[in-house]
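Heavy-atom basis, side chains included; hydrogens, waters and symmetry copies ignored.
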Amino acid sequence: GPSELASDENAVTLFLQSLVQPLDHLLPAIMEAGVNDKVALKSLAALPVEEQLEFLRTDLRINLLQSRIILTGLKSLQV
């Protein structure tokens, strides 16, 4: 239901807010690109770093500095 959707969006928001530099303003772009719940975040974290970078730089057009910050955050999600 709607609350489930909110918690999915929340997982992505919390991730973005947890970064060295909070990047929660990127939420709409990231959600739109398909990273819209915890499972998708974990899937992204499981990709090789080159593919993560490609996704962030090419699909999301996020600058290199912000991409690096997100990559660092994704590393901490790999369990």
Side-chain angles (χ1 to χ4, degrees):
S3 65
E4 205 174 295
L5 193 66
S7 77
D8 281 342
E9 184 171 319
N10 211 24
V12 184
T13 305
L14 286 173
F15 167 72
L16 292 171
Q17 288 172 343
S18 75
L19 300 170
V20 181
Q21 179 193 338
L23 297 174
D24 40 325
H25 65 280
L26 297 174
L27 181 69
I30 287 179
M31 299 280 288
E32 184 135 321
V35 182
N36 46 23
D37 59 20
K38 206 171 268 177
V39 176
L41 257 181
K42 293 244 183 227
S43 306
L44 179 60
L47 289 174
V49 174
E50 306 77 58
E51 289 181 30
Q52 293 175 4
L53 193 56
E54 168 97 4
F55 171 72
L56 295 169
R57 300 282 287 135
T58 309
D59 296 16
L60 291 179
R61 305 204 189 300
I62 296 176
N63 72 42
L64 190 57
L65 184 64
Q66 293 180 337
S67 295
R68 287 274 163 222
I69 292 169
I70 293 173
L71 290 181
T72 303
L74 287 171
K75 263 201 204 93
S76 67
L77 285 184
Q78 294 165 346
V79 246

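Under the side-chain contact (heavy atoms from CB on, under 4.5 Å) criterion, Pro48 pairs with Glu50, Glu51, sequence neighbours left out.
Shortest non-hydrogen contact noted between Phe55 and Ala33 is CZ-CB, 3.7 Å. Nearest heavy atoms, Ala40 versus Gly34: CB-O, 3.6 Å. Minimum heavy-atom separation, Ala11 to Lys38: CB-CE, 3.9 Å.
With rounding to the nearest 0.5 angstrom, the CG atom of Asn10 is 12.5 Å from the CG atom of Asp37. Atoms CG and CD1, on Leu41 and Ile30 in that order, are 8.0 Å from each other to the nearest 0.5 Å. Of the inter-residue distances, the one linking Leu71 atom CG with Leu56 atom CG reads 5.5 Å to the nearest 0.5 angstrom.
Hydrophobic clustering of Ile, Leu, Val, Met, Phe, Trp and Tyr side chains at less than 4.5 Å, counting indirect connections, keeps Leu16 apart from Val39. Note on Leu74 and Leu14: separate hydrophobic clusters, where clusters join Ile, Leu, Val, Met, Phe, Trp and Tyr whose side-chain heavy atoms are under 4.5 Å apart, directly or indirectly.
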Asn36/Asp8 under side-chain contact (heavy atoms from CB on, under 4.5 Å): CA gap, chis, key distance, verdict: CA-CA 6 Å; Asn36 46 23; Asp8 281 342; over 6 Å; no
Listed pairs under 3.5 Å, donor-acceptor, residues 19-29 side chains, sequence neighbours left out:
{"unit_1": "Asp24", "atom_1": "OD2", "unit_2": "Gln17", "atom_2": "NE2", "d": "3.4"}

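The side chain to side chain donor-acceptor pair (under 3.5 Å) analysis of residues 57-69, with sequence neighbours excluded, yields no pairs.
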